[in-house]
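Heads up, the thing below is written out as structure tokens.
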2 protein chains.
Amino acid sequence: MQGLTELLKGSLEGIVLQHISHGETYGYEITHYLIDLGFEDIVEGTVYTVLLRLEKKGLLTVERRKSTVGPQRKFYQLNAAGEAYLQDFWIKWDFLAQKMTQLKED
Amino acid sequence: MQGLTELLKGSLEGIVLQHISHGETYGYEITHYLIDLGFEDIVEGTVYTVLLRLEKKGLLTVERRKSTVGPQRKFYQLNAAGEAYLQDFWIKWDFLAQKMTQLKED
DNA sequence: ACCACTATATAGTAAAACAATGTAGTAGAA
DNA sequence: TTCTACTACATTGTTTTACTATATAGTGGT
């Protein structure tokens, strides 16, 4: 699906956090996961800016490790603040989604 | 609910269009409708910028009429382009919402 | 050597929502 | 009659976020 840019604003952060919460991962993998999920337009640059933002907010722990197939990978995991932030994100998302359904069915 | 700013980006346009599609209305009424709906943080300035944007995109027909309780009101209705745009919005929203549910339940 | 794939990063731009402020009309109270 | 509250629209400037384009770099195959 294309043209989701504006709708994704605000959601992408949560989407990335949620994916990381399933287990340690890194930018390149996340990018391809999102594209496979159906967010075709997502490019690497976007994911890396999200990750650096989340890191700057103190929501992730980071560890660089070698890869056998290319340059070093930067592995991310949620920390406690990240878990809390993610929970809060879902509360807001659920609120919005419920209101949207309500609006649509009026 | 507060702090929805970023999540609202991209959705607010659709929300406003959807509300207008229920019948002719104007900015001030829309603002208070949204606040009553639960989007507490929405202020008039935001709604007017959305309306002017939608108008500029050619999605609305506009008519100014007097009011007995204040200055003139600017009444909006969806035109054919607006209906099409709204339909497209819901397709994108449904896609996103479905993916979000999928992500969350993984 | 060259190319494809893997992997991270950043500078610049555009879009959208908010904050703050200004302008105006109506009506009721002091 | 002046002031206050409510109604109503609009604009300027700021922040946040995602995209575009580009740069850098490691690995492996031809």
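Residue numbers start from 1 in every chain, and the chains themselves are labelled A, B, ... in the order their sequence lines are given, proteins ahead of strands.
- Using modelled atom types, one side-chain atom of A/Glu40 and one backbone atom of A/Met1 make a donor-acceptor pair closer than 3.5 Å.
- Of the possible polar contacts, none joining the A/Asp41 side chain to the A/Thr5 backbone as a donor-acceptor pair under 3.5 Å is found.
- We find that CG of B/Leu34 is positioned 11 Å from P of C/dA17, with the value rounded to whole Å.
- B/Asn79 places none of its side-chain heavy atoms less than 4.5 Å from the side chain of B/Leu60.
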B/Lys92 and A/Glu6: CA distance, side-chain angles, deciding distance, salt bridge (Lys or Arg N to Asp or Glu O under 4.0 Å) verdict: CA-CA 10 Å; B/Lys92 288 177 185 161; A/Glu6 293 311 326; over 6 Å; no

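- Going from atom CD of A/Glu6 over to atom P of C/dA17 covers 8 Å, rounded to whole Å.
- The heavy-atom pair separating A/Gly27 from A/Leu51 by the smallest distance is CA-CD1, 3.6 Å.
- Looking at B/Ile91, B/Ile20, B/Leu17 one by one, the single match for side chain to side chain contact (heavy atoms under 4.5 Å, CB included) with B/Leu86 turns out to be B/Leu17.
- Between B/Met100 and A/Trp90, the closest heavy-atom pair is O-CH2, 3.5 Å.
- Rounded to an integer number of Å, the gap from B/Leu7 CG to C/dA15 C1' is 16 Å.
- Contact annotation: the side chain of A/His32 approaches that of A/Glu44 to within less than 4.5 Å [non-hydrogen atoms, C-beta and beyond].
- In summary, B/Glu55 and B/Lys74 engage in a salt bridge, as defined by a charged side-chain N under 4.0 Å from a carboxylate O.
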Below 3.5 Å between N/O atoms, which protein atoms pair up with nucleotides 19-25 of chain C? Just atom names and distances, please.
none

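- Here chain A contacts DNA chain D (any atom closer than 4.0 Å to a heavy atom, that is under 4.0 Å), and the contacts span D/dT17 to D/dG28 from 5' to 3'.
- When the P atom of C/dA16 is taken as reference, atom CG of A/Leu8 falls 13 Å away, rounded to whole Å.
- Atom CG of B/Leu52 and atom C1' of C/dA15 are 16 Å apart (whole Å).
- Position along DNA chain D of the nearest nucleotide to A/Lys9 versus B/His32 favours B/His32 as the more 5'-ward residue.
- Both A/Val47 and A/Val62 are assigned to one and the same hydrophobic cluster, defined by single-linkage of ILVMFWY side chains at heavy-atom distances under 4.5 Å.
- When the local axes at the two ends of the helix from C/dA1-D/dT30 to C/dA30-D/dT1 are compared, using 5 base pairs at each end, they differ in direction by 20° after rounding to 10°.
- Judged as a ring-ring contact (aromatic ring centres under 6.0 Å, His included), the pairs with a partner in residues 33-56 of chain B (not counting sequence neighbours) are, in order, A/Phe95-B/Phe39, B/His19-B/Tyr33.
- Residue contacts shown for B/Arg64 are limited to sugar-phosphate atoms, with no base heavy atom under 4.0 Å away.
- Within residues 74-82 of chain B, no residue has any heavy atom closer than 4.0 Å to DNA chain C.
- Between B/Trp93 and A/Trp93, the two ring planes are parallel [angle under 30°; tilted spans 30° to 60°].
- In the region residues 11-30 of chain B, proximity to DNA chain C at under 4.0 angstrom, judged on heavy atoms, holds for B/Leu12, B/Glu13.
- Between the C1' atom of C/dA17 and the CG atom of B/Leu4 lies a distance of 12 Å, rounded to the nearest Å.
- Looking at A/Glu63 and A/Arg65, a side-chain N of the basic residue comes within less than 4.0 Å of a carboxylate O on the acidic one, giving a salt bridge.
- Nearest approach of A/Gly58 to A/Ala81, heavy atoms of both residues: O-CB, 3.7 Å.
- Taking a cutoff of 4.0 Å between a charged side-chain nitrogen and a carboxylate oxygen, B/Glu13 and B/Lys57 qualify as a salt bridge.
- At a threshold of 4.5 Å between non-hydrogen side-chain atoms, the residues A/Leu12 and A/Ile42 count as touching.
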